[in-house]
Amino acid sequence: MSDMTEQNRTQTSEGGTQVQTRKTARRGGGDPGDRGRTSIADGVVEKIAGLAAREVPGVHAMGSGLSRTFGAVRDRVPGGSSVTRGVKVEVGEVQTALDLEIVVDYGVPIGDLAKAVRENVIAAVERMTSLEVVEVNIAVSDVKLPEEEEEEQETRLQ
């Protein structure tokens with residue numbers, strides 16, 4: 001560990017009484033903020049990336065059709081969460097790589113949207129975790145058409 005914090009010393013005072021004093025020694029070296037390790041779980045980075053991707057206008061949903069279906073069921077269960085749906089990460093000690101699967105709204109330029117998602121995800125992950133994001137791969141799995149939305153609402157009402 002580190003150097004001893006304090007040493008006990010016995011001194012004799014003028015009257016011959018033994019008095020114990022403490023001498024402060026130097027504690028470990030360096031900045032206290034650098035002592036120890038911080039590890040960040042994959043799930044933490046997945047949540048940050050999922051929320052950051054959803055913030056970008058034009059991203060309709062995350063994940064493939066099957067994962068969205070399972071996610072809808074999971075959302076109805078108390079404590080269920082779909083924040084990480086469509087997000088996979090690999091987290092190392094200082095770097096991370098992300099794979100995102102998104103559904104885009106019809107009419108949105110996919111190249112521009114992918115760039116905006118990438119920028120927002122990288123900024124959020126690097127700001128919150130101090131990890132270097134080495135890549136963000138984006139797979140567009142579907143396009144949400146305007147008439148599909150109306151059909152979904154009708155089936156919910158029945």
Side-chain angles (χ1 to χ4, degrees), residues 1-5 24-158:
M1 287 202 101
S2 61
D3 299 338
M4 284 179 47
T5 306
T24 304
R26 191 170 167 224
R27 291 186 174 203
D31 181 22
D34 293 335
R35 296 182 203 164
R37 246 183 68 188
T38 302
S39 61
I40 300 171
D42 292 1
V44 172
V45 178
E46 287 174 349
K47 285 182 180 181
I48 294 167
L51 289 171
R54 284 174 176 81
E55 289 175 350
V56 179
V59 174
H60 181 78
M62 301 285 294
S64 66
L66 184 60
S67 71
R68 288 196 324 268
T69 302
F70 286 127
V73 172
R74 194 174 348 146
D75 289 345
R76 290 188 181 113
V77 175
S81 173
S82 63
V83 175
T84 60
R85 186 181 329 135
V87 182
K88 291 185 178 138
V89 301
E90 291 180 32
V91 178
E93 288 194 27
V94 294
Q95 295 179 326
T96 186
L98 299 97
D99 293 325
L100 306 176
E101 189 173 0
I102 65 173
V103 177
V104 301
D105 289 325
Y106 176 78
V108 176
I110 294 174
D112 295 342
L113 179 64
K115 181 180 178 188
V117 168
R118 210 173 263 116
E119 288 172 351
N120 204 43
V121 167
I122 290 170
V125 170
E126 287 185 346
R127 184 185 79 249
M128 293 182 69
T129 66
S130 297
L131 294 170
E132 177 191 3
V133 178
V134 292
E135 67 180 4
V136 177
N137 299 311
I138 299 174
V140 178
S141 62
D142 201 358
V143 175
K144 188 64 167 182
L145 302 175
E147 60 268 11
E148 287 179 342
E149 213 163 61
E150 293 170 12
E151 290 174 14
E152 280 183 15
Q153 289 175 353
E154 288 175 16
T155 56
R156 289 184 200 161
L157 295 175
Q158 294 176 355

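Closest of all the heavy-atom pairs between I40 and V91 is O-CG1, 3.6 Å. Annotation for A53 and V121: closest pair N-CG2, 3.8 Å, computed over non-hydrogen atoms. Of all heavy-atom pairs spanning I138 and A114, the tightest one is CD1-O, 3.4 Å.
For the side-chain hydrogen bond (donor to acceptor under 3.5 Å, both in side chains) test, residues two or more places apart in sequence or in another chain that qualify with D99 are N137. E55 meets the side-chain hydrogen bond (donor to acceptor under 3.5 Å, both in side chains) test with N120; sequence neighbours excluded. For E119, there are no side-chain hydrogen bond (donor to acceptor under 3.5 Å, both in side chains) partners, not counting sequence neighbours. With sequence neighbours left out, the side-chain contact (heavy atoms from CB on, under 4.5 Å) criterion links I110 to V104, V140. Residues meeting the side-chain contact (heavy atoms from CB on, under 4.5 Å) test with R54, sequence neighbours left out: M62, R85. Considering only residues two or more places apart in sequence or on other chains, A116 meets the side-chain contact (heavy atoms from CB on, under 4.5 Å) condition with V56. With sequence neighbours left out, the side-chain hydrogen bond (donor to acceptor under 3.5 Å, both in side chains) criterion links E90 to no other residue.
Taking CD1 from I48 and OG1 from T96, the interatomic distance works out to 9.5 Å, rounded to the nearest 0.5 Å. To the nearest 0.5 Å, atoms NZ (K144) and CD1 (I102) are separated by 14.5 Å. Here the CG atom belonging to D42 is positioned 12.5 Å from the NZ atom belonging to K47, to the nearest 0.5 angstrom. Taking CG of L145 as the reference point, atom NE2 of H60 lies at 10.0 Å (rounded to 0.5 Å).
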List the atom pairs, donor and acceptor, that lie under 3.5 Å between side-chain atoms in residues 127-134 and the rest of the protein, sequence neighbours left out.
{"residue": "T129", "atom": "OG1", "partner": "V125", "partner atom": "O", "Å": "2.5"}
{"residue": "T129", "atom": "OG1", "partner": "L131", "partner atom": "N", "Å": "3.1"}
{"residue": "E132", "atom": "OE1", "partner": "Q95", "partner atom": "NE2", "Å": "3.0"}

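Here the side chain of T84 pairs no donor or acceptor atom with the backbone of G50 at under 3.5 angstrom.
Looking at V103 and S141, their side chains come closer than 4.5 Å, going by heavy atoms from C-beta outward.
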